[in-house]
Structure formats: structure tokens, C-alpha cells
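Reckoned from all heavy atoms, side chains included, excluding hydrogens, waters and symmetry mates. Residue indices begin at 1 and follow the sequence shown.
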Amino acid sequence: MSHPTKTEPASATLEQMSLAELFEKELCIPDYQRCYAWASAHVTDLVMDLAKRDVSYLLGTIILHEQKNGIALDVVDGQQRLVTLTILMNEVLPSANMPLLEKEFYKSSMGAIKEAQKTIKNSLASLDAHEYEQLKNILSKTKGGLLFSVVTVAEDSLELAFSFFDSVNSKGLRLSDFDLLKAHHLMYIPADQEALAIRHNGHW
């Protein structure tokens, strides 16, 4: 007689979420993340692209890592897009939920964030009424609209999160050789020594 096999908890899950659903999560930027660095051209391209969309639009993959409290989620990959979308949402839908709005960022990120805000204001001013409404609509949809493939990695699988980090998103910044090499080495630090990973990341 066979006995049922014990099912191990999944180390990662994949689901599709709208921007509104994703922003319902308690998102955090971990210390080992690189600085926000999108140039004005990236920001303008995103705003203008979204203003032309009137149907669902898949904006790449987001990789999240569960924190020990089981609630907060570190953004392993997708920071550039999510921070830019937070700035955009704050201009278009200031009452919407934006979990990254109150988070602390590296001082070296603040210049790029302020420049992105300025670029977004200029881009919005250049839209006609129809384009602005389309942009507002795709950002506000709770189902459909702006979509992401969201990979959520379990708390005890930090090395898996770093291995996912090696990939390049369709809308993300291309990783430098240094970023890839650093991520490769960080993924071999045991999951129960996350502080060590953060310390080495800062040193490197």
C-alpha cells in the first residue's frame, strides 16, 4: 500500500498581477539593491508607451523575495520600473496605494528620482486629453490593464532570488558585468546569513 508523499512548500510561485494588485503588497527595496538610475529617455519612453495603450499590457517580470515576517516583500528585480511607476502614479492618481512612496532610498538615487519626476511632469504636459485618460485608465485598472509576471521567492530561498536576478527584464536596465558577477557570488551566501550578503554587497 502506497503512502501519500509529503509535499514540500514551493520555493517560488509565479502569478500575473495588475499594477494595482502588486501595489497592494508591502514592497521594500533591500539594502543590496543598486541605486535607482533610469535616465530621462527611459522614463519618457514608458510614459508615452502607456499613453498609447487601451488594452492589457504586460510590462515584464517582477521578482520578489519574502521577508522573515511573511508579509513584506523585497524587490529583487523590477526596482527601476516600480519606482518610476510610483512617481507616475503620484502625479496621475495621488490617492492610489503606493507602497514605495515612503521608503528610504540611497542618497545617490535621489538625483535620478527628482529628474524622473521632472521628466514625468513634462511628459504628462505633452499628452492630449485622450492620451492622458488612456494613461490614467491603464494605471487604475485593478484587473487587466498594466500587468506583470510576478515571481515570489520563499524567505529561505535567497540564493534562488539572486539566480533569478541574473536575467534581464524587457523594460529593465541591462545589468553590467559587475552586477552579474556580484549577483552570482551573492547567491552562494546561505539564506540564514542575509546580513552577510548585505554587508558584502555594500563593500563590493
Side-chain angles (χ1 to χ4, degrees), residues 10-38 42-43 45-47 49-50 53 55-90 92-93 96-106 109 112-113 116 120 135 138-175 179-180 182-183 186-187 191 194 197 201:
S11 57
T13 61
L14 172 64
E15 55 186 318
Q16 192 172 85
M17 294 184 193
S18 67
L19 178 64
E21 290 172 323
L22 184 57
F23 276 4
E24 286 296 321
K25 308 290 184 182
E26 186 178 329
L27 303 179
C28 302
I29 303 296
D31 290 340
Y32 55 75
Q33 267 284 14
R34 58 185 172 170
C35 298
Y36 176 75
W38 257 21
H42 290 108
V43 176
D45 285 348
L46 178 62
V47 175
D49 196 14
L50 295 181
R53 304 285 173 173
V55 295
S56 296
Y57 180 40
L58 185 61
L59 195 59
T61 301
I62 301 293
I63 302 172
L64 306 175
H65 176 230
E66 293 178 348
Q67 290 188 10
K68 291 180 180 179
N69 64 13
I71 300 174
L73 297 160
D74 285 337
V75 178
V76 177
D77 197 21
Q79 177 200 184
Q80 308 294 322
R81 284 165 293 155
L82 293 182
V83 171
T84 305
L85 288 167
T86 296
I87 301 169
L88 178 59
M89 288 280 282
N90 195 41
V92 178
L93 298 165
N97 191 40
M98 290 171 277
L100 296 179
L101 195 60
E102 302 300 326
K103 302 299 181 182
E104 292 186 6
F105 290 87
Y106 290 120
S109 296
I113 288 174
I120 285 172
L135 173 64
I138 199 169
L139 290 174
S140 63
K141 283 185 177 179
T142 55
K143 298 291 182 182
L146 189 55
L147 299 171
F148 300 89
S149 296
V150 180
V151 177
T152 304
V153 180
E155 182 270 324
D156 60 353
S157 300
L158 183 62
E159 72 283 358
L160 180 60
F162 281 124
S163 68
F164 279 132
F165 179 73
D166 284 350
S167 64
V168 178
N169 270 303
S170 62
K171 288 289 183 178
L173 287 176
R174 183 168 295 278
L175 300 178
D179 287 322
L180 293 171
K182 183 174 70 171
L186 285 173
M187 72 185 240
E194 192 160 354
N201 179 75

Original post:
Could you state the interatomic distance from OG (Ser149) to CG (Leu58), rounded to the nearest 0.5 Å?
Top reply: 4.5 Å
Original post:
Considering all heavy atoms of both residues, which atom of Gln16 and which atom of Glu21 are nearest to each other, and what is their separation?
Top reply: O-OE1, 4.3 Å
Original post:
For Leu22 and Leu64, what are the C-alpha separation, side-chain angles and deciding distance, and is it a side chain to side chain contact (heavy atoms under 4.5 Å, CB included)?
Top reply: CA-CA 10 Å; Leu22 184 57; Leu64 306 175; 4.1 Å; yes
Subject >> Taking every non-hydrogen atom, the tightest pair across Cys28 and Ala72 >> reply: SG-CB, 4.1 Å
Original post:
In Å and rounded to the nearest 0.5 Å, what is the CD1 to CD1 distance from Ile87 to Ile120?
Top reply: 5.0 Å
Subject >> Polar side-chain atom of Thr152 near backbone of Thr13 as donor-acceptor pair, under 3.5 Å >> reply: no
**OP:** State the CD-OG1 distance between Gln79 and Thr84, to the nearest 0.5 angstrom.
**Re:** 9.0 Å
Subject >> From Ile62 atom CD1 to Leu82 atom CG, the distance as rounded to the nearest 0.5 Å >> reply: 4.0 Å
Subject >> Main-chain N/O of Phe23 paired with Asn97 side-chain donor or acceptor, under 3.5 Å >> reply: yes
Subject >> Smallest separation among heavy atoms of Leu101 and Asn90, with atom names >> reply: CD2-OD1, 4.0 Å
Subject >> Minimum heavy-atom distance Lys25-Leu73, with the two atoms named >> reply: CB-CD1, 3.9 Å
Original post:
What are the two closest heavy atoms between Tyr36 and Ser109, and how far apart are they?
Top reply: N-OG, 3.0 Å
**OP:** Taking atom NZ of Lys141 as the centre, report whether more than 12 heavy atoms of other residues, nucleotides or ligands fall under 6.0 Å from it.
**Re:** yes
Subject >> Gln80 side-chain N/O to Ala37 backbone N/O, donor-acceptor pair under 3.5 Å >> reply: yes
**OP:** Calculate, to the nearest 0.5 Å, the distance between atoms CD and OG1 belonging to Glu24 and Thr142 respectively.
**Re:** 9.5 Å
**OP:** Rounded to the nearest 0.5 Å, what's the gap from CG on Leu50 to CG on Asp45? Could you check?
**Re:** 10.5 Å
**OP:** Take Leu19 and Leu59 through the side chain to side chain contact (heavy atoms under 4.5 Å, CB included) test and state the conclusion after the steps.
**Re:** CA-CA 10 Å; Leu19 178 64; Leu59 195 59; over 6 Å; no
**OP:** Decide side chain to side chain contact (heavy atoms under 4.5 Å, CB included) for Val47 and Leu88; before the verdict, give the C-alpha distance in whole Å, the side-chain angles of both, and the deciding distance to 0.1 Å.
**Re:** CA-CA 8 Å; Val47 175; Leu88 178 59; 4.2 Å; yes
**OP:** Given side chain to side chain contact (heavy atoms under 4.5 Å, CB included), test Leu85 with Phe148 step by step and report yes or no.
**Re:** CA-CA 13 Å; Leu85 288 167; Phe148 300 89; 3.6 Å; yes
Subject >> For Arg53 against Asp49, the heavy-atom pair lying closest together >> reply: NH2-OD1, 2.9 Å
